[in-house]
Amino acid sequence: MQQDSNDDAEDVSLFDAEEETASRPKRSKIRHPVASFFHLFFRVSAIIVYLLCELLSSSFIACMVTIILLLSCDFWAVKNVTGRLMVGLRWWNHIDEDGKSHWVSESRKATSQESKSVSEAESRIFWLGLIACPVLWVIFAFSALFSFKVKWLAVVIMGVVLQGANLYGYIRCKVGSRKNLTSMATSYLGKQFLRQNTGDDQTS
């Protein structure tokens, strides 16, 4: 395991997944089915309860408590368990004595024997769930705001914050600091632009 407390985590790039997949043997088998299940269970359950809360119960307090409990369980499980098992990543944040915030991340080295336990299927499940659900909570936030459902704003904001924190932490863990994230995004867009232009030249 490689531990880094200076906001830099050595690992493969999110945006270079296609090149990595082509250059290494595929491991599509789900090695941790329980972790994969609970990676999606809590967050999907929270969304379902939010969408169906008026049908499931007439009590706003009961629905709110249920959703917050599911979001809290999801935050803990994804941060401490499923990320480590499914993609070999883990992150946390701590405040030092001077009040300065430090992001600490761990990742398996690409050449490590432990990296063999990371499968392509689990990686896709992990990142799909990690990215899609916070996007849905952002949509719910705008919907609650524009429909004047003020009482639901606190619940929706809780979903955005908890799931957005995990997304932000794992992206930092995957690609490193903000500077590296910007350079990765720029490189990815540049590659896509070149591929599109190359394809247009070949067709013409």
Side-chain angles (χ1 to χ4, degrees), residues 7 9 13-15 17-18 35-83 86-87 89-93 95 101 103 105 122-193 196:
D7 292 344
S13 168
L14 278 175
F15 303 112
E18 296 179 358
S36 300
F37 171 77
F38 282 104
H39 177 71
L40 298 175
F41 173 75
F42 290 120
R43 54 185 48 215
V44 172
S45 297
I47 292 174
I48 292 175
V49 172
Y50 174 78
L51 293 174
L52 303 179
C53 58
E54 295 182 356
L55 298 177
L56 298 175
S57 174
S58 59
S59 174
F60 168 74
I61 299 299
C63 292
M64 180 183 68
V65 171
T66 302
I67 293 172
I68 292 177
L69 285 175
L70 289 170
L71 290 172
S72 300
C73 291
D74 170 75
F75 178 81
W76 183 89
V78 173
K79 180 177 179 292
N80 297 294
V81 180
T82 63
M86 297 175 69
V87 293
L89 299 173
R90 186 170 62 171
W91 69 272
W92 65 92
N93 181 274
I95 309 297
S101 176
W103 288 82
S105 59
E122 286 184 351
S123 180
R124 292 191 184 98
I125 292 172
F126 179 84
W127 289 110
L128 178 63
L130 193 71
I131 295 171
C133 291
V135 172
L136 288 177
W137 283 110
V138 171
I139 295 174
F140 295 156
F142 282 105
S143 176
L145 182 62
F146 292 127
S147 60
F148 301 103
K149 295 181 179 179
V150 180
K151 65 179 183 179
W152 287 106
L153 274 179
V155 178
V156 174
I157 290 174
M158 182 70 69
V160 173
V161 170
L162 289 178
Q163 297 197 353
N166 260 331
L167 176 60
Y168 180 72
Y170 275 111
I171 288 180
R172 286 182 66 96
C173 194
K174 189 75 172 177
V175 303
S177 63
R178 293 181 181 178
K179 181 178 180 181
N180 289 336
L181 178 59
T182 303
S183 63
M184 293 294 181
T186 304
S187 175
Y188 173 77
L189 293 175
K191 289 179 181 179
Q192 295 300 319
F193 180 76
Q196 183 178 1

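A quick note: this is a predicted structure, and the numbers were derived from the prediction, not measured.
Shown here are the side-chain contact (heavy atoms from CB on, under 4.5 Å) partners of Val161, two or more places apart in sequence or in another chain: Ile157. Residues passing the ring pair (Phe, Tyr, Trp, His ring centres under 6.0 Å) test with Phe42, sequence neighbours excluded: Phe38.
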### Task
Might you work through the side-chain contact (heavy atoms from CB on, under 4.5 Å) test for Tyr168 and Arg172, ending with a clear yes or no?
CA-CA 6 Å; Tyr168 180 72; Arg172 286 182 66 96; 2.9 Å; yes

### Task
Start with the C-alpha gap between Trp152 and Phe140, add the side-chain angles, then the distance that decides, and say whether ring-ring contact (aromatic ring centres under 6.0 Å, His included) holds.
CA-CA 9 Å; Trp152 287 106; Phe140 295 156; over 10 Å; no

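Annotation for Phe126 and Gly83: closest pair CE1-CA, 3.5 Å, computed over non-hydrogen atoms. Of all the heavy atoms in Ser36 and Met86, the pair that sits closest is OG-CE, 3.6 Å. Scanning both residues, Leu71 and Leu162, for their nearest heavy atoms gives CB-CD1, 3.8 Å. Across Phe60 and Lys151, no two heavy atoms sit closer than the pair CZ-O, 3.1 Å. Shortest non-hydrogen contact noted between Ala62 and Thr66 is O-OG1, 2.8 Å. When all heavy atoms are compared, the tightest approach of Val49 to Cys63 is CG1-O, 4.4 Å.
Looking only at distances, a side-chain donor or acceptor of Arg43 sits under 3.5 Å from a matching main-chain atom of Gly129. Judged purely by atom type and a 3.5 angstrom limit, Ser143 has no side-chain atom pairing as donor or acceptor with the backbone of Ile139. A donor-acceptor pair under 3.5 Å is absent between the side-chain atoms of Asp74 and the main chain of Leu70, judged by distance alone. When atom types are taken as modelled, the side chain of Tyr170 and the backbone of Val78 share a donor-acceptor pair closer than 3.5 angstrom. Panel note: side chain His39, backbone Thr82; no donor-acceptor pair is recorded below 3.5 Å.
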